[in-house]
Amino acid sequence: MTMEAIEIESVSGCDLNAQELENEYTEYVKSEYAGYFPDSRGVSLLGQDFVRLVAQQIDKEHNEGEEVEFEGDATDEVVANLREALQIHTFRAPLLAIARTIVSSWIEERFGHHVATKSCGTLFKSYCDSVLQPVNDDKEMSLNTARYVAEGDRVQELVNEVPETNIDHLSGDHAQAGVFLVFDGVKYNGPREDANMLMFE
């Protein structure tokens with residue numbers, strides 16, 4: 001994905017406090033996703049790091065009045081540096097799909113649903129789409145879309161119905177209230193249509 005350049009001075013609402021936004025994100029994940037931690041390092045921890053670093057980057061750009069471009073292939077130097085700082089290469093594609101889902105939902109909650117217009121949310125969403133992408137040789141590249149199912153009868157049904165080979169059990173210490181279903185959202189309308197779907201519980 002490549003976006004046209006956005007002149008940072010024309011973007012409004014970018015007086016950011018990185019620590020405050022990171023704290024807001026953390027509380028949001030606890031509230032909406034029961035503090036979801038799908039691996040030993042934690043995808044929500046990746047999200048926290050992402051929010052903090054991107055807020056710092058946007059604040060720097062805002063002060064310098066830069067023109068910002070976003071390239072999904074990570075050829076952009078800023079995007080590449082952020083991916084390196086976040087160690088994106090160490091995360092599997094489905095875990096990054098979960099991270100994008102959580103971060104994107106926080107962006108809409110924090111900055112509103114109109115992130116297509118020139119706003120601070122525009123910049124956050126563009127960095128989210130560009131930075132939180134898997135490396136090109138990830139064998140699970142097709143698992144690009146994540147859907148969250150909150151705790152309840154539906155989760156137990158999924159645990160009983162989904163084959164063990166399609167379930168990825170957590171290595172973290174945090175008990176999960178819900179599950180994420182990660183599938184090929186380009187080819188299929190829903191996770192149960194994709195035989196390669198993975199359920200993270």
Taking atom [atom1] of [X] and atom [atom2] of [Y], what is their separation to the nearest 0.5 Å?
X      : Y      : atom1 : atom2 : answer
Leu95  : Leu143 : CG    : CG    : 10.0 Å
Asp49  : Glu22  : CG    : CD    : 6.5 Å
Leu96  : Thr90  : CG    : OG1   : 8.0 Å
Asp129 : Ile107 : CG    : CD1   : 7.5 Å
Asp184 : Glu140 : CG    : CD    : 12.5 Å
Leu86  : Leu45  : CG    : CG    : 11.5 Å

Minimum heavy-atom separation for [X] to [Y], with atom names?
X      : Y      : value
Phe111 : Cys120 : CE2-SG, 3.9 Å
Arg52  : Ala18  : O-CB, 3.7 Å
Val182 : Ala97  : CG1-CB, 3.9 Å
Ser130 : Val79  : O-CG1, 4.0 Å
Val103 : Phe50  : CG1-CE2, 3.6 Å
Tyr25  : Gln48  : CE2-N, 3.5 Å

Residue pair [X] / [Y], side-chain heavy-atom distance below 4.5 Å:
X      : Y      : value
Leu21  : Arg110 : yes
Phe200 : Ile98  : yes
Lys125 : Glu108 : no
Arg192 : Glu161 : yes
Val179 : Ile167 : no
Arg92  : Leu198 : yes
Trp106 : Glu32  : no
Leu132 : Leu46  : yes

Any donor and acceptor pair, going by atom type alone, linking the side chain of [X] with main-chain N or O of [Y] inside 3.5 Å?
X      : Y      : result
Arg83  : Val131 : yes
Asn144 : Ser142 : yes
Asp59  : Ala55  : no
Asn166 : Ala195 : yes

Check: According to a 4.5 Å side-chain heavy-atom criterion applied to Ile, Leu, Val, Met, Phe, Trp and Tyr, with indirect links allowed, do Val135 and Tyr127 form part of one hydrophobic cluster?
Finding: no
*asked:* Please determine whether residues Tyr188 and Met141 belong to a single hydrophobic cluster, defined as Ile, Leu, Val, Met, Phe, Trp and Tyr linked transitively by side-chain heavy-atom distances below 4.5 Å.
replied: no
Those residues at least two apart in sequence (or on a different chain) that pass ring-ring contact (aromatic ring centres under 6.0 Å, His included) with Phe183 are none
| query | When you look at Asn23 and Glu27, which way does the side chain to side chain donor-acceptor pair (under 3.5 Å) test go after all the steps? | reply | CA-CA 6 Å; Asn23 292 342; Glu27 290 305 311; over 6 Å; no
- Query: Quick one: which of Glu157, Met199, Glu201, Arg154 gives a side-chain contact (heavy atoms from CB on, under 4.5 Å) with Val149?
  - Reply: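 Output: one option passes, namely Arg154.
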Check: Angle class for the Phe180/Tyr33 ring planes (parallel below 30°, perpendicular above 60°, tilted otherwise)?
Finding: parallel
Hits for side chain to side chain donor-acceptor pair (under 3.5 Å) against Asn189, two or more places apart or cross-chain, chain-then-number order -> none
Side chain to side chain donor-acceptor pair (under 3.5 Å), that's the test. Do Tyr28 and Ser105 meet it? Break it down for me. CA-CA 9 Å; Tyr28 176 79; Ser105 66; 3.1 Å; yes
Neighbour count above 12 (heavy atom, 6.0 Å) for Glu84 CD: no
